[in-house]
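Bear in mind that the values here come from a model prediction, so they are computed numbers and not experimental data.
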Amino acid sequence: MSEYDARGKVNRALLICVDDYRTLRPLPAVKDNARELERALLAPGTDLFTKGEVVTCRPQEPWEVEQALDTVVQEARGLLLVYFSGHGRVGRDGGNLQLMVGASERRHKTVSWQDTVLSYLDNARADRIVIVLECCYAGNASEAFHSCRKPTSLLMAAQPNRRIFSGEEPTGGSVFTRALVQTLERGIPGKRFVTFEDLVRALREQLAGERTPMGDVWEPRSAKQNTVDDVILSFATPEDRPPTPLRIRLRRWLKSYFRHWPRLLLILAIIFVPATTGVVLLQLADGAAPCPPALELRLLTAPEAEPALRQAAFDYEMSQANTRPLSGEGDLPDGCRRAQITVYSAAKDQVDQGFAAADRWQGEAHGTGKERPGDQGIDPLHRPGPQPDIWIPESTADYYEARRGMPATGSPATLHYAAPVAYTPLVVGIPARRRLDDVEPAGASWQELLTGTDSTHHDLKLLRPSPVLSGTGLLHTLGLYLAHDGSGTATGAPDLTLARHAEERLAAPGSQYAGSTELLCSLRPDTDAAGSVDRTRSAPLVSEKSLADYNLGRAIGSCPALDAPLPLRDRYVAYYPANVPALDHPLVRVDWQGATDATPRQAAVAGFAQWLRARDGGQRTLTAQGYRGVRDSGPRQGSPLLDSRADVSPLAATVPFTAAPEQVSRVLDGYDKAQRSSQLLILMDASTSMADGGKLPIALSAAGRAVELVGTRHTYGLWTFPDRAHPEDRDAVRELVPLGSADPAPGKAALDRIAGSPHGELVDHGAAMEEALTRAVRKMKKSSATNKAIVLILDQDDGAGAGRAAGVERTLSALVKEGPRVPILALAMGRSGCDTFALQQLAGASHGQCVPGGPQAVDTLAGRIASIGTATKGDR
């Protein structure tokens, strides 16, 4: 896992500590927390924050917290650390966490975690945000946290729905903060520094002997959003600590030097020059920092490549290529960054929609998108993010597809294709204990691989990322269709009979995923989701890099890093299909019509592109992340691919991409024709509890992605429950779109109405999930569609209790097991997620899946939905 090092950047730490309350009990230990934590953060061994970068706030009124947050989010450019220690309160349902300030009463003058804190942090300009919450019910912050849009790590003092004793201890700080300070100051044996993940593990160990007021083990919890890499929080270590790099020390010295030098100039000016000159210098003294604001570039990529490109962007920002003075740049001081790069990701279908509706995309960025009702572009709920300056897709095939979807004229976006920046071959992962006999791993034909994994041999189930959602899935499909007979991809069109045969080997409900990392995460031994596949009989079609990360125990998808590589029995061996092109990750510059700073942006993109392809620049970083270089036939020194436990073949050939745009189009057409017609019923919880904790945007986004996947042969219906017209009727549902519709417009319009007026569209009544689902299952059982499924999106089944019909659980369970099969694909965003027996039983009995709410939930569910049309009579 890569680590983010913020040294030398403009960092900020905001310590919010409330010990004196007017109406609540005081917390005397909290009084010392700010002082102790500030001392630890500024200690020489910690070596991260410098004097003036740590701010303490002891608020009596909510506006004081808002003012402090507003200041630090504007100032921080590297790491932003926000710490809160004080009382916390939640509503009766465990949601809506409130941070209590000095003047707070139980329900008044509080600071909303979701509406205030997260709203401010979403506007931060920092590269990384770390939040530490030490209050009662801190663990309940994780639900709303998933709506955060920035790369953020959250440390919660205890598990959900738990009070803690912090604040009533003797002087010297609370128990939790004392443990926090100790780890930051002393470091961890065997570690060169302390990362966020290290800190979480250390706190769990130190607090294992403590108990909450309810008698439970005191267990701090953590969550991460929009990032899978780690953040360094201290460079303290019990071992011999290496010195701070010279470039960091010089940059800090320059910052300190320039901070005091203007004051000296001011004194000299007052003494020796006219008053008018003094006024000018006074303005200079109070002006901005010596380094002018860097030009911000936005880099859009695929979720699988985001962690590696984040690390590459950081390395570039701190490199001499971006900080040394260049001729023609005026007085830019040495060490100042000319460009800073924001890296974010989106699934392939979202990126395609963004470029297809680039005018709407640009309009939303300027705040004018919603004022153009004639647009038929993407829904703002599901857009891929801000308009990019750089796009690095997984392969050239992704670029061809995006270009095909763009209008011939009139688009404000222009895509400028450039050379690849890294390669990673495509592989088929075969369980280590079930290696294929007489099949050479490096260069096996697809015919050999299909034969070696069929029912007469190893009977392995081939799992592929969705070609609709993933560039890896698209290129695997391209290779499977065109290189099946070993003839290569340079010429010819896919044989539709061959395509259908290939799809039948890949066909089963839930067999497609949103990407390589999400697929492999579902196969990890420590992951046991409801309806998960048998990893010992699965053969994932993924990229070489992602398979190596999986085998080496690195962070992958939403799965965190392990302490060691997987044992051989749990690993997959990489087999390389012959003549299948590698992912080539081309760099595409995106120019936007009307941009006033187009010339400097183009120059900045060119500088970054040149560094990415330099052997001692970006190639070194990307090699260390597990990619193959653009000038090397195999992995270079320092590559994890050379680790024997990665179970890849470093000598396997890297096949360049040679397919023409027309071939890519024909392959996708062949894929579409190889699918069977399908029908989808979207059943969404519309009770008012969905509006709490940031759940409603996730639910709407998930439903919107499902609607976008329909077409002429893939129909759908959209129901919500409870019914607004009959809230007391547990069996009633509201049919927003009748089952059988092939037009996504009515579904998008219905979701827009809910998003625009949630209080008017949601129903203040318990959502009886089992009653509504029973009605949906009965409806789908009568459908004539061969392939069908129900997408259930819910907060929790809060319709239990008085009024529930006797035996409804048994009725639903029996109905689900009857033929014909109707898989239930559930997205559960309640506190229990997919852990409830009811959801596990329903997903298992229906041959469906349950996806817990989280950062990857929408994409994960979309991958499962994309597989519905592939289910055939010969399901494996």
Side-chain angles (χ1 to χ4, degrees), residues 424-465 472 476 480 502 504-508 510-513 515-557 559-578 580 626 635 640-652 844 847 849 874-876:
T424 183
L426 296 183
V427 300
V428 179
I430 303 296
R433 290 182 169 181
R434 308 183 72 174
R435 296 171 186 260
L436 305 183
D437 299 332
D438 302 323
V439 177
E440 181 64 33
S445 72
W446 260 117
Q447 184 61 45
E448 291 175 312
L449 288 171
L450 290 175
T451 301
T453 58
D454 65 16
S455 56
T456 60
H457 295 82
H458 282 73
D459 196 22
L460 293 173
K461 178 180 178 182
L462 301 180
L463 305 178
R464 171 192 56 187
T472 301
H476 256 302
L480 182 60
E504 287 176 356
R505 283 301 314 276
L506 292 158
S511 68
Q512 294 191 0
Y513 296 75
S516 288
T517 54
E518 190 263 325
L519 192 166
L520 289 169
C521 178
S522 72
L523 295 173
R524 270 253 295 253
D526 58 336
T527 304
D528 291 305
S532 60
V533 297
D534 182 357
R535 64 180 63 89
T536 64
R537 294 186 60 247
S538 300
L541 279 63
V542 292
S543 67
E544 178 188 63
K545 171 188 159 43
S546 62
L547 189 70
D549 286 341
Y550 172 89
N551 287 334
L552 294 173
R554 292 184 162 196
I556 187 163
C559 290
L562 301 175
D563 294 331
L566 291 171
L568 179 62
R569 65 178 180 274
D570 293 327
R571 299 205 296 261
Y572 290 94
V573 177
Y575 281 70
Y576 296 74
V580 173
L641 301 179
L642 298 177
D643 190 327
S644 61
R645 296 169 297 183
D647 279 313
V648 299
S649 299
L651 299 180
H847 299 273
Q849 293 240 334
D875 283 346
R876 292 166 53 76

- Task: Under the side-chain contact (heavy atoms from CB on, under 4.5 Å) rule, collect the residues that match up with A574, sequence neighbours excluded.
- Result: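 Here the qualifying residues are V427, L547, Y576, V648.
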- List in chain and number order the residues that pass side-chain contact (heavy atoms from CB on, under 4.5 Å) with T472, two or more places apart in sequence or in another chain; answer none if no residue qualifies.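 If we apply the side-chain contact (heavy atoms from CB on, under 4.5 Å) test to T472, skipping adjacent residues, the hits are E304, E394, L426, P465, S470, H476, S516, L583.
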- Who are the salt bridge (Lys or Arg N to Asp or Glu O under 4.0 Å) partners of R645, not counting sequence neighbours?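 Expected list: D643.
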Measure the spacing between [atom1] of [X] and [atom2] of [Y] and express it to the nearest 0.5 Å.
X	Y	atom1	atom2	value
T453	R537	OG1	CZ	11.0 Å
E440	Y575	CD	OH	8.5 Å
L562	R554	CG	CZ	12.5 Å

- Is the backbone N or O of L519 less than 3.5 Å from a side-chain atom of S522, with the two atoms forming a donor-acceptor pair by type?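 Checked: pair present.
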- Message: Using a 3.5 Å distance criterion without hydrogens, assess whether the side chain of Y572 forms a donor-acceptor pair with backbone atoms of L520.
- Response: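 Side chain of Y572 to backbone of L520: no pair is present.
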Which residues pass the side chain to side chain donor-acceptor pair (under 3.5 Å) test with [X], sequence neighbours left out?
X	result
S543	S546
R571	D647
T456	D454

- Query: Of all heavy-atom pairs between P650 and P635, which one has the smallest distance, and what is that distance?
  - Reply: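 Distance-wise, the nearest heavy atoms are O-CD, 3.4 Å.
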- So, for L641 and E544, which heavy atoms are closest and what is the spacing to 0.1 Å?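 For L641 versus E544, the nearest heavy atoms are CD1-OE1, 3.4 Å.
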- Task: For residues T517 and D549, determine if any side-chain heavy atom of one lies less than 4.5 Å from a side-chain heavy atom of the other.
- Result: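 The answer is no, as the side chains (C-beta and beyond) never meet within the 4.5 Å cut-off.
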- Might you work through the side-chain contact (heavy atoms from CB on, under 4.5 Å) test for Y550 and V542, ending with a clear yes or no? CA-CA 11 Å; Y550 172 89; V542 292; over 6 Å; no
In residues 431-438, what donor-acceptor pairs under 3.5 Å come from side-chain atoms, sequence neighbours left out?
{"residue": "R434", "atom": "NH1", "partner": "T536", "partner atom": "O", "Å": "3.1"}
{"residue": "R434", "atom": "NH2", "partner": "H458", "partner atom": "O", "Å": "2.6"}

